[in-house]
*Asks:* 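So that we are looking at the same thing, I have put the structure below in structure tokens.
Along the sequence shown, residues are numbered consecutively beginning with 1.
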Amino acid sequence: MSYRDIITIEPGKRGGQPCIRGMRITVYDVLSYLAAGISESEILSDFPELTREDILASLSFAADREGQPTLARD
């Protein structure tokens, strides 16, 4: 599974933020819930339209983005 099949970016939706399968739930939303200590099962219960693969795709997207080099700032 590739996050590229799940994560979508549409300029007119949620300000162009990466979303899950074109829904209005962003990668940031999912990561924020996980960072707050909300379990995967709780997220899936609260948002039945999400799947475990959606959560894993969000993590994969974030890991890939974090691994990209950044420009050095003076």
Side-chain angles (χ1 to χ4, degrees):
M1 181 232 12
S2 170
Y3 72 79
R4 289 173 178 85
D5 298 329
I6 295 173
I7 306 301
T8 59
I9 299 174
E10 300 175 44
K13 189 173 286 179
R14 295 292 304 262
Q17 294 182 53
C19 294
I20 311 298
R21 294 183 285 114
M23 295 184 282
R24 298 190 60 77
I25 301 171
T26 65
V27 168
Y28 177 82
D29 294 335
V30 173
L31 296 176
S32 294
Y33 299 141
L34 292 169
I38 300 172
S39 71
E40 179 181 306
S41 61
E42 289 174 301
I43 294 170
L44 296 175
S45 176
D46 289 345
F47 300 93
E49 63 273 23
L50 289 179
T51 66
R52 181 172 194 272
E53 290 75 24
D54 295 333
I55 294 173
L56 294 176
S58 296
L59 291 168
S60 181
F61 177 85
D64 192 39
R65 203 170 198 188
E66 183 61 25
Q68 294 178 6
T70 57
L71 298 175
R73 294 185 178 150
D74 294 327

*Asks:* Grab the two heavy atoms, one from Glu53 and one from Ile6, that are nearest each other, plus how far apart they are.
*Replies:*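 Looks like O-CD1, 3.7 Å.
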*Asks:* List in chain and number order the residues that pass salt bridge (Lys or Arg N to Asp or Glu O under 4.0 Å) with Arg21, two or more places apart in sequence or in another chain; answer none if no residue qualifies.
*Replies:*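 Once residues adjacent in sequence are excluded, the partners of Arg21 under the salt bridge (Lys or Arg N to Asp or Glu O under 4.0 Å) criterion are Asp54.
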*Asks:* Applying salt bridge (Lys or Arg N to Asp or Glu O under 4.0 Å), can you list everything that pairs with Glu10, at least two apart in sequence or on another chain?
*Replies:*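 Applying salt bridge (Lys or Arg N to Asp or Glu O under 4.0 Å) to Glu10 gives Lys13.
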*Asks:* Going hydrophobic residue to hydrophobic residue with side-chain gaps under 4.5 angstrom, can you get from Ile25 over to Leu59?
*Replies:*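 Shared cluster, yes.
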*Asks:* Would you please say whether a donor-acceptor pair under 3.5 Å links the side chains of Asp29 and Ser32?
*Replies:*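 No donor-acceptor contact under 3.5 Å links the two side chains.
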*Asks:* Quick one: ring pair (Phe, Tyr, Trp, His ring centres under 6.0 Å) pairs with a partner in residues 43-62, sequence neighbours left out?
*Replies:*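 For residues 43-62: Tyr3-Phe61, Tyr33-Phe47.
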*Asks:* Is there a path of hydrophobic side-chain contacts, each under 4.5 Å between heavy atoms, that joins Leu44 and Tyr28?
*Replies:*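 In one cluster with Leu44: Tyr28, no.
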*Asks:* Not counting sequence neighbours, which residues clear side-chain contact (heavy atoms from CB on, under 4.5 Å) with Ser39? List them please.
*Replies:*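 side-chain contact (heavy atoms from CB on, under 4.5 Å) list for Ser39, sorted by chain: Ser41, Glu42.
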*Asks:* For the CD atom of Gln17 and the CZ atom of Arg24, what is their distance to the nearest 0.5 Å?
*Replies:*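 Spacing of CD (Gln17) from CZ (Arg24) equals 10.0 Å.
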*Asks:* Glu40 and Leu50: side chain to side chain contact (heavy atoms under 4.5 Å, CB included), yes or no, with the steps?
*Replies:* CA-CA 10 Å; Glu40 179 181 306; Leu50 289 179; over 6 Å; no
*Asks:* Tell me, do Cys19 and Ile7 make a side-chain contact under 4.5 Å, heavy atoms counted?
*Replies:*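 When only atoms from C-beta onward are counted, Ile7 and Cys19 do not touch, as no gap falls below 4.5 Å.
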*Asks:* Assess whether atom CD of Glu66 is packed by more than 12 heavy atoms of other residues, nucleotides or ligands within 6.0 Å.
*Replies:*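 Atom CD in Glu66 is not packed in, count stays at 12 or less.
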*Asks:* Residues two or more places apart in sequence or in another chain: which of them pass side-chain hydrogen bond (donor to acceptor under 3.5 Å, both in side chains) with Arg65?
*Replies:*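 Expected list: none.
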*Asks:* Is the shortest heavy-atom distance from the side chain of Leu31 to the side chain of Val27 under 4.5 Å?
*Replies:*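 Sidechains of Val27 and Leu31: in contact.
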*Asks:* Do Leu34 and Ile55 have side chains that approach each other closer than 4.5 Å (heavy atoms only, starting at C-beta)?
*Replies:*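 Touching, per the 4.5 Å side-chain cut-off.
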*Asks:* Between Gly22 and Thr8, what is the shortest heavy-atom contact and its length?
*Replies:*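 Minimum heavy-atom contact is N-OG1, 3.0 Å.
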